[in-house]
Amino acid sequence: MAVPQKPEPGTGQLEVQAFCGSSSISALSSTYPLKLVSPPSRPTDHAVLVFMMSYGGGLVAGDRVDLNIRLRPKSRLALLTQGSTKVYKTPSKSIRSYQNLSITVEEGAALLLLPDPVQPFKDSSYEQCQIFNVHPSSSNLLVLDWVSEGRTARGEAWEFFGWKGRNEIWSLSDPEKATKKNLLIRDNLILDETSTTKQNYMNEMDSLGVFGTLVIRGPMFRALGEFFLAEFSRLPRIQTNGKLHEQTDLRSGGSVKTWTAASVRGSVIVKFGSRDVDTAKCWLRNMFLQDGTVGREFGERSLMCLY
């Protein structure tokens, strides 16, 4: 009789399926240091709500998290966190913490990934990779990926050894049509120590305390993507020395310092930077509430990380 193999540390599996006009979890497992928790659903929830957490609130040097998720056709998942993912100090630059996420969003399914920002502590080293496999025309994605400068209460400002993040969107292969997977979007952010940065990126970040990327894709989020594009197109530009520059720091009390939006291969990509986390949360929350898509399609609890 074969002995079942013990799951590797830091691995997780999650599968969501459509059920009676809503969604339900058909498979859920996780091992230390990863923890997946799904609270009881409410009538106002239109999707499965799952919190992705780490014991101790973060990742210590050498930790590795690998999470695989599959959304079956027409199912919906809101994947959140209950606080920033902290990345603790490493004893050596060569010892990194890793977090990998692989998600398959099948035909008509919808993923909402709205975590709190990753918070790398001073002298930490971190790398993440998020892969999304989607149906080219009917899968729906709203993905927030952001990083903060560290523990501002302790005076930290981008003083880690390295931070690498990669997001990729691939089209699902179609066996009936003999089509292969195609890369649709690849977005990289690399902050790595060099002889010029000397482990401090504060000068390069132009007084930003938070930098983030928002990926919007699919028919469910079409209105939201168009809303961001329209808002960005209305931002005034100022002209100096014959060149146009974007004037983005116009609103007081809740505006990010700078942001852009562009349509790229069927997705809307939003890049934003803010002086602090609370300001970025306020701006994102206001944008989502003005459009209304997220609350309507996933329930108000799905915006929890932005309050």
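Residue numbers run from 1 in the order of the sequence given. A quick note: this is a predicted structure, and the numbers were derived from the prediction, not measured.
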Are L235 and F272 connected into the same hydrophobic cluster when the rule is that any two of I, L, V, M, F, W, Y join if their side-chain heavy atoms are below 4.5 Å apart?
yes

- Hydrophobic cluster identity match, F51 and W146, side-chain contacts under 4.5 Å: yes

d(S138 OG, M220 CE) to nearest 0.5 Å is 10.5 Å

Q.
Side chains of N140 and L111, heavy atoms from C-beta outward: is any pair under 4.5 Å?
A. no

Between W283 and W259, ring centroids under 6.0 Å
yes

Note: I95 and T90 closest approach over all heavy atoms is O-OG1, 2.8 Å

Smallest heavy-atom separation, L67 atom then Q13 atom, equals CD1-N, 4.1 Å

The reported gap from CG in L141 to CZ in F221 (rounded to nearest 0.5 angstrom) is 8.0 Å

Nearest heavy-atom approach of S125 to F161 is CB-CB, 4.4 Å

Linked, directly or transitively: L289 and L112 (ILVMFWY side chains, under 4.5 Å): yes

Quiz item: Does S274 reach the side chain of K257, with side-chain heavy atoms less than 4.5 Å apart?
Solution: no

**OP:** Could you give me the CA-CA distance, side-chain angles and deciding distance for E106 and R72, then say whether salt bridge (Lys or Arg N to Asp or Glu O under 4.0 Å) is met?
**Re:** CA-CA 5 Å; E106 297 186 3; R72 295 297 183 180; 3.0 Å; yes

Give a yes or no on whether a salt bridge exists between R96 and E127, defined as a side-chain N under 4.0 angstrom from a carboxylate O. yes

The single option from L80, I25, V16 that satisfies side-chain contact (heavy atoms from CB on, under 4.5 Å) with V50 is I25

Check your understanding: So, D116 and T81: side-chain donor and acceptor under 3.5 Å apart, yes or no?
Key -> yes

Report yes if some heavy atom in the side chain of F298 is under 4.5 Å from a heavy atom in the side chain of H46; otherwise report no. no

Closest non-hydrogen contact found for P120 with V147 is CD-CG2, 3.8 Å

Rounding to 0.5 Å, atoms CG (N133) and CD1 (I69) come to a distance of 12.0 Å

Value for CG (N100) from CG (D66), rounded to nearest 0.5 Å, stands at 4.5 Å

Practice task
Answer whether the closest heavy-atom distance between the side chains of L208 and R275 falls below 4.5 Å.
Solution key: no

Pairing donors with acceptors under 3.5 angstrom, does anything connect the side chains of S148 and Q119?
no

| request: Report the C-alpha separation of W170 and F132 in whole Å, then their side-chain angles, then the decisive distance to 0.1 Å, and conclude whether the ring pair (Phe, Tyr, Trp, His ring centres under 6.0 Å) test is met. | output: CA-CA 6 Å; W170 292 78; F132 305 94; over 10 Å; no

Step by step, work out the side-chain contact (heavy atoms from CB on, under 4.5 Å) result for L71 and I103. CA-CA 8 Å; L71 276 66; I103 302 183; 4.2 Å; yes

**Asked** Within the side chain of T31, is there an N or O that forms a donor-acceptor pair under 3.5 Å with the backbone of T11?
**Response** yes

To the nearest 0.5 Å, atom CG of L284 lies from atom CG of L214 at 6.5 Å

I'd like to know if D187 pairs up with K271 as an ion pair, taking the criterion as any Lys NZ or Arg NE/NH1/NH2 lying under 4.0 Å from an Asp or Glu carboxylate oxygen. yes

Quick one: does L49's side chain get under 4.5 Å of P39's, heavy atoms only?
yes

Partner of S97 under side-chain contact (heavy atoms from CB on, under 4.5 Å), picked from L59, T85, V60, V118, is L59

From CA spacing to verdict: side-chain contact (heavy atoms from CB on, under 4.5 Å), Q290, F227:
CA-CA 9 Å; Q290 285 183 62; F227 174 72; 3.7 Å; yes

Does the side-chain contact (heavy atoms from CB on, under 4.5 Å) test come out yes or no for M53 and V37, once each step is laid out? CA-CA 8 Å; M53 300 178 288; V37 176; 3.1 Å; yes

Check your understanding: Are any non-hydrogen side-chain atoms of Q128 and L101 less than 4.5 angstrom apart?
Key -> no

With clusters defined by side-chain heavy atoms of hydrophobic residues (ILVMFWY) lying less than 4.5 Å apart, directly or transitively, does L36 cluster with V105? yes

When rounded to the nearest 0.5 Å, the distance separating CG of L142 from CG of L79 is 12.0 Å

A78 and A47 have their tightest heavy-atom pair at N-CB, 4.4 Å

**OP:** Using a 4.5 Å cut-off on heavy atoms from C-beta on, say whether the side chain of D276 contacts that of T152.
**Re:** no

**Message:** Quick check: do V87 and F160 have side-chain heavy atoms less than 4.5 Å from each other?
**Reply:** no

Taking it one step at a time, do R186 and L183 satisfy side-chain contact (heavy atoms from CB on, under 4.5 Å)? CA-CA 7 Å; R186 174 177 286 150; L183 179 64; 3.6 Å; yes

Fill in: N/O donor-acceptor pair under 3.5 Å between S84 side chain and K86 backbone
no

| message | Tell me whether S124 contacts the main-chain N or O of Y88 through its side chain, where contact means a donor paired with an acceptor under 3.5 Å. | response | no

Residues R265 and I185: closest non-hydrogen pair is CB-CD1, 4.2 Å

Backbone N/O of A110 and side chain of R76: donor-acceptor pair under 3.5 Å: no

Using the rule given for side chain to side chain donor-acceptor pair (under 3.5 Å), can you reason through S75 versus Q17, listing the C-alpha separation, both sets of side-chain angles and the distance that settles it, and then say yes or no? CA-CA 5 Å; S75 62; Q17 63 181 8; over 6 Å; no

Relative to the ring of F228, is the ring of F288 parallel (under 30°), tilted (30 to 60°) or perpendicular (over 60°)? perpendicular

Same cluster or not: Y98 versus L189, using hydrophobic residues (I, L, V, M, F, W, Y) connected whenever any side-chain heavy atoms lie under 4.5 Å apart? no

